[in-house]
*Asks:* 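Dumping the structure here so I can ask a few things about it.
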Amino acid sequence: MSQIRIAIAGASGRMGRMLIETTMKADDMLLVAAFEHPESPFIGRDAGEFAGVSCGVPITGDVLEGLSKADCLIDFTRPEGTLQHIALARQAKCAVVIGTTGFSAEGKAAIADAAREIPVVFAPNMAVGVNAVFKLLDMAARILNEGYDVEIIEAHHRLKVDAPSGTALRMGEVVAEALGRDLESCAIYGREGVTGEREGQTIGFATVRGGDIVGDHTVLFAGIGERIEITHKSSSRMSYATGSLRAARFLAGRDAGLFDMQDVLGLK
């Protein structure tokens with residue numbers, strides 16, 4: 001079986017380093033390119049250095065040249081960078097796995113447009129366990145559709161720049177869809193002061209930022225006399241990396257299309 005040639009954006013970041021290490025350990029994957037912004041002090045250094053092993057792939061700022069060697073780009077950077085990368089991937093006819101969160105509606109539309117020409121997996125969370133939780137939430141919401149208030153609590157490290165997390169928002173979307181509600185109109189993103197009684201149709205979000213928390217998410221269904229909590233906790237970014245490689249395998253041989261991890265895992 002031929003190896004899937006992988007390019008990784010944000011090579012010096014926490015997630016980029018984990019992706020490099022995981023790719024190098026996968027027998028069916030070959031790291032062929034690693035990117036950073038042109039002013040990065042890591043330009044020119046061996047991408048495998050972060051994993052303690054030389055791989056012969058220098059970190060570069062020339063994204064298009066790197067993508068010309070790759071079958072699939074994995075990108076966990078920031079929205080503005082990811083949108084630039086996906087435009088270049090479109091030129092290079094390179095598949096893309098997007099784990100970046102915090103996109104505007106316009107950014108999501110640009111990704112969908114690119115997916116008309118190249119295959120893309122775009123998901124708020126690549127961890128297999130989180131995507132199993134999405135499925136459980138759909139089932140729970142359909143059962144607990146009367147008499148239960150829904151609150152979503154998420155916690156991440158102090159350096160995360162968007163809130164609520166993309167995973168928390170997706171959890172809210174899954175629950176809202178199962179309950180026949182529109183998340184945009186029923187979401188409550190913060191409470192302060194005298195707020196009055198809770199409106200039954202709302203879905204609340206609470207955000208915690210601190211330390212080095214990788215990612216914790218809990219969806220609370222609070223009824224009278226009981227509560228049900230569905231929780232996922234990440235102790236390592238490895239789960240995101242292994243899920244991303246699974247997505248890259250899913251895209252191999254596909255010409256175009258927009259997919260998510262539910263497609264990758266056969267949960268739809």
Side-chain angles (χ1 to χ4, degrees), residues 14-15 18 22 76 98-102 121-181 183-184 186-192 195 198-247 260-268:
R14 294 179 303 278
M15 194 62 216
M18 183 62 73
T22 308
F76 278 74
I98 301 174
T100 307
T101 60
V121 170
F122 176 35
N125 196 305
M126 294 291 170
V128 173
V130 165
N131 283 276
V133 166
F134 290 154
K135 196 71 174 179
L136 294 172
L137 287 174
D138 176 77
M139 183 186 303
R142 293 178 190 279
I143 296 170
L144 308 172
N145 61 357
E146 291 184 14
Y148 293 85
D149 300 319
V150 183
E151 295 286 320
I152 300 173
I153 306 99
E154 60 100 342
H156 283 84
H157 52 88
R158 65 176 62 165
L159 299 178
K160 187 168 179 60
V161 298
D162 58 309
S165 69
T167 301
L169 290 171
R170 182 57 191 151
M171 287 175 166
E173 290 171 351
V174 169
V175 171
E177 289 167 9
L179 295 174
R181 303 175 193 170
L183 184 64
E184 188 172 337
C186 73
I188 301 294
Y189 294 109
R191 297 184 178 94
E192 182 180 7
T195 60
R198 188 189 195 283
E199 295 183 17
Q201 295 297 302
T202 58
I203 296 176
F205 290 82
T207 297
V208 176
R209 292 288 178 266
D212 62 353
I213 302 169
V214 175
D216 295 352
H217 295 86
T218 294
V219 179
L220 167 66
F221 295 87
I224 304 302
E226 67 174 353
R227 64 178 183 269
I228 298 92
E229 298 179 5
I230 298 177
T231 297
H232 180 276
K233 294 186 177 183
S234 292
S235 58
S236 167
R237 292 178 177 81
M238 181 63 75
S239 61
Y240 309 144
T242 55
S244 297
L245 296 192
R246 196 160 172 174
D260 61 19
M261 284 300 288
Q262 300 288 300
D263 295 304
V264 173
L265 300 174
L267 295 177
K268 287 188 175 179

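What's counted below: heavy atoms across the whole structure, side chains too, no hydrogens, waters or symmetry copies.
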*Asks:* List the atom of Gly243, the atom of Met261, and the distance in Å for their closest heavy-atom pair.
*Replies:*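 Closest approach of Gly243 to Met261, heavy atoms only: O-CE, 3.7 Å.
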
*Asks:* Which pairs, with at least one residue in residues 152-172 and sequence neighbours excluded, count as a ring-ring contact (aromatic ring centres under 6.0 Å, His included)?
*Replies:*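 The answer is His156-His217.
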
*Asks:* Under 3.5 Å, is there a donor-acceptor pair between the side chain of Asp138 and the main chain of Lys135?
*Replies:*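 Not at all, since once roles are kept as given, no pair shorter than 3.5 Å links the two residues.
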
*Asks:* Which value, rounded to the nearest 0.5 Å, describes the distance between Thr218 atom OG1 and Lys233 atom NZ?
*Replies:*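 If I round to the nearest 0.5 Å, the distance is 6.5 Å.
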
*Asks:* Roughly how far, to the nearest 0.5 Å, is the CD1 atom of Ile228 from the CD1 atom of Ile143?
*Replies:*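 Nearest 0.5 Å value for the CD1-CD1 distance: 9.5 Å.
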
*Asks:* Would you compute the distance between atom CG of Asp162 and atom OG1 of Thr101 and round it to the nearest 0.5 angstrom?
*Replies:*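 The distance works out to 3.5 Å.
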
*Asks:* Looking only at heavy atoms, which two atoms of Ala141 and Leu179 are closest? And how far apart?
*Replies:*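 Residues Ala141 and Leu179, closest heavy atoms: O-CD2, 3.2 Å.
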
*Asks:* If only atom types and distance count, is the side chain of Thr202 paired as donor or acceptor with the main-chain N or O of Gly204 below 3.5 Å?
*Replies:*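 No: the side chain of Thr202 does not pair with the backbone of Gly204.
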
*Asks:* Nearest 0.5 Å, what's the CD-CG distance between Glu151 and Asp149?
*Replies:*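 With rounding to 0.5 Å, CD (Glu151) is 7.0 Å from CG (Asp149).
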
*Asks:* I'd like to know if Arg142 pairs up with Glu177 as an ion pair, taking the criterion as any Lys NZ or Arg NE/NH1/NH2 lying under 4.0 Å from an Asp or Glu carboxylate oxygen.
*Replies:*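 No, no charged N to carboxylate O under 4.0 Å.
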
*Asks:* Can you confirm whether Leu159 is buried at CG, in the sense that more than 12 heavy atoms of other residues, nucleotides or ligands lie under 6.0 Å from that atom?
*Replies:*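 Yes - once you tally the heavy atoms of other residues, nucleotides and ligands closer than 6.0 Å, there are more than 12.
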
*Asks:* Please determine whether side chain to side chain contact (heavy atoms under 4.5 Å, CB included) holds for the pair Leu169 and Phe205, giving the CA-CA distance in whole Å, both sets of side-chain angles, and the decisive distance to 0.1 Å.
*Replies:* CA-CA 9 Å; Leu169 290 171; Phe205 290 82; 4.3 Å; yes

*Asks:* Should we say atom CZ of Arg198 is surrounded by more than 12 heavy atoms from elsewhere, each under 6.0 Å from it?
*Replies:*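 For Arg198, atom CZ is crowded (more than 12 foreign heavy atoms under 6.0 Å).
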
*Asks:* Can you tell if the side chain of Gln262 reaches within under 4.5 Å of the side chain of Phe134, non-hydrogen atoms only?
*Replies:*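 With C-beta onward as the side chain, the pair touches.
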
*Asks:* At their closest point, which heavy atom of Ala168 faces which heavy atom of Pro164, and how far apart are they?
*Replies:*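 Ala168 and Pro164 have their closest heavy atoms at CB-CB, 4.2 Å.
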
*Asks:* Taking side chain as C-beta onward, heavy atoms only, is Ile203 less than 4.5 Å from Ile152?
*Replies:*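 Ile203 vs Ile152: side chains touch.
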
*Asks:* Who pairs with Arg181 by side chain to side chain donor-acceptor pair (under 3.5 Å), at least two apart in sequence or on another chain?
*Replies:*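 By the side chain to side chain donor-acceptor pair (under 3.5 Å) rule, Arg181 matches Gln201.
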
*Asks:* Pair Arg170, Thr167 - check side chain to side chain contact (heavy atoms under 4.5 Å, CB included), show working.
*Replies:* CA-CA 5 Å; Arg170 182 57 191 151; Thr167 301; 5.7 Å; no

*Asks:* Might you work through the side chain to side chain contact (heavy atoms under 4.5 Å, CB included) test for Met126 and Phe76, ending with a clear yes or no?
*Replies:* CA-CA 10 Å; Met126 294 291 170; Phe76 278 74; 3.6 Å; yes

*Asks:* I need the full list of salt bridge (Lys or Arg N to Asp or Glu O under 4.0 Å) pairs touching residues 205-216, with sequence neighbours left out, sorted by first then second residue.
*Replies:*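 Only Glu154-Arg209 qualify under salt bridge (Lys or Arg N to Asp or Glu O under 4.0 Å).
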
*Asks:* Please report the shortest heavy-atom distance between Thr22 and Ala241, naming the atom on each side.
*Replies:*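 For Thr22 and Ala241, the tightest heavy-atom pair comes out as OG1-CB, 3.4 Å.
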
*Asks:* Taking C-beta and beyond as the side chain, do Ile98 and Val121 meet within less than 4.5 Å on heavy atoms?
*Replies:*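 They are not in side-chain contact.
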
*Asks:* Rounded to the nearest 0.5 Å, what's the gap from CG on Asn131 to OG on Ser239? Could you check?
*Replies:*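 One gets 10.5 Å once the value is rounded to the nearest 0.5 Å.
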
*Asks:* Supply the atom-to-atom distance Leu220 CG to Ile230 CD1, rounded to the nearest 0.5 angstrom.
*Replies:*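 Leu220 atom CG to Ile230 atom CD1 measures 10.0 Å (nearest 0.5 Å).
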
*Asks:* Please name all residues satisfying side chain to side chain contact (heavy atoms under 4.5 Å, CB included) with Val214, sequence neighbours left out, ordered by chain then number.
*Replies:*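 Testing Val214 for side chain to side chain contact (heavy atoms under 4.5 Å, CB included), a comparison that skips the adjacent residues, returns Ser234, Arg237, Tyr240.
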
*Asks:* Test of understanding: with side chain to side chain donor-acceptor pair (under 3.5 Å), list the residues that count as partners of Glu199, not counting sequence neighbours.
*Replies:*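 Result, side chain to side chain donor-acceptor pair (under 3.5 Å) vs Glu199: none returned.
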
*Asks:* Who passes side chain to side chain contact (heavy atoms under 4.5 Å, CB included) against Glu146, sequence neighbours left out?
*Replies:*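 Side chain to side chain contact (heavy atoms under 4.5 Å, CB included) list for Glu146, sorted by chain: empty.
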
*Asks:* Given Glu229 and Phe221, is the side chain to side chain contact (heavy atoms under 4.5 Å, CB included) satisfied, shown in steps?
*Replies:* CA-CA 6 Å; Glu229 298 179 5; Phe221 295 87; over 6 Å; no

